[in-house]
Amino acid sequence: MSFQAYLDKIEEKTGLTPRELVEKAKARGYDAADVKAGVICDWLKEDYDLGRGHAMAIVHVIKNGPGISDKHVGRKGAHGDPTNVLWLDGKATNPLSA
């Protein structure tokens with residue numbers, strides 16, 4: 001599953017765009033450098049029933065922003081992403097969606 005696909009599935013499951021979840025996390029102070037990933041994962045599990053893999057995708061965005069490694073960019077297959085910048089504003093508005 002591509003990184004973007006993880007975010008799209010999170011949106012489907014929670015009804016919130018990734019950006020909305022990031023804003024909720026920031027409102028809780030979870031963007032602070034000393035907040036551990038486990039704290040954020042626990043919150044996402046409790047409030048949104050997200051599993052660890054999906055929660056860690058949101059943790060990455062909270063801690064690092066929408067940029068990702070070029071490692072899988074342009075790669076064919078399930079793990080390939082079209083760009084190294086994740087779309088956070090909802091699957092329906094993503095200009096790269098097919």
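Start at 1 with the first residue, then count along the sequence. This one's a predicted model, so the numbers in the text were calculated from it and none came from an experiment.
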Seminar exercise, completed: Here the gap from Leu21 atom CG to Glu11 atom CD, rounded to the nearest 0.5 Å, amounts to 9.5 Å
Exercise. To the nearest 0.5 Å, how far apart are CG in Asp89 and CG in Asn94?
Worked result: 9.0 Å
Seminar exercise, completed: So NZ of Lys24 and CG of Leu44: to nearest 0.5 Å the spacing works out to 11.5 Å
Exercise. Sequence neighbours excluded, which residues qualify as salt bridge (charged side-chain N to carboxylate O under 4.0 Å, His left out) partners of Lys91?
Worked result: Glu12
Exercise. Rounded to the nearest 0.5 Å, how far does CG of Leu86 lie from OG of Ser2?
Worked result: 8.5 Å
Seminar exercise, completed: When every non-hydrogen atom of Pro82 is compared with those of Val73, the smallest separation belongs to O-CG1, 3.9 Å
Seminar exercise, completed: Of all heavy-atom pairs linking Asn84 and Ser69, the shortest is CB-O, 4.4 Å
Exercise. If two hydrophobic side chains count as joined below 4.5 Å and joins carry through other members, does Val85 share a cluster with Ile10?
Worked result: no
Exercise. How would you list, by chain and number, every residue that makes a side-chain hydrogen bond (donor to acceptor under 3.5 Å, both in side chains) with Asp31, sequence neighbours excluded?
Worked result: none
Exercise. Of all heavy-atom pairs between Asp81 and Phe3, which one has the smallest distance, and what is that distance?
Worked result: OD2-N, 3.1 Å
Exercise. Which heavy-atom pair separates Tyr30 from Val39 by the least distance, and what is that distance?
Worked result: CE2-CG1, 3.8 Å
Exercise. Got a sec, which residues hit salt bridge (charged side-chain N to carboxylate O under 4.0 Å, His left out) with Asp42, two or more places apart in sequence or on another chain?
Worked result: none
Below 3.5 Å, can you tabulate the donor-acceptor pairs from side chains in residues 46-54 to any protein atom, sequence neighbours excluded?
residue: Asp47; atom: OD2; partner: Arg28; partner atom: NH2; Å: 3.2
residue: Asp47; atom: OD2; partner: Trp43; partner atom: NE1; Å: 3.0
residue: Asp49; atom: OD1; partner: Lys45; partner atom: NZ; Å: 3.0

Problem set entry | Residue list, side-chain contact (heavy atoms from CB on, under 4.5 Å) with Val59, at least two apart or on another chain | Ala37, Ile40, Cys41, Met56, Lys63
Exercise. Would a 4.5 Å heavy-atom cut-off, applied to side chains only, mark Leu7 and Pro18 as touching?
Worked result: yes
Exercise. OG1/Thr17 to CD/Glu23 distance, rounded to the nearest 0.5 angstrom?
Worked result: 9.0 Å
Exercise. Does the pair His60 and Ile68 meet the rule for a side chain to side chain contact (heavy atoms under 4.5 Å, CB included), with working shown?
Worked result: CA-CA 9 Å; His60 173 88; Ile68 59 171; 3.9 Å; yes
For this session: Report the residues that fulfil side-chain hydrogen bond (donor to acceptor under 3.5 Å, both in side chains) with Thr93, sequence neighbours left out, ordered by chain and then residue number.
Result: Trp87
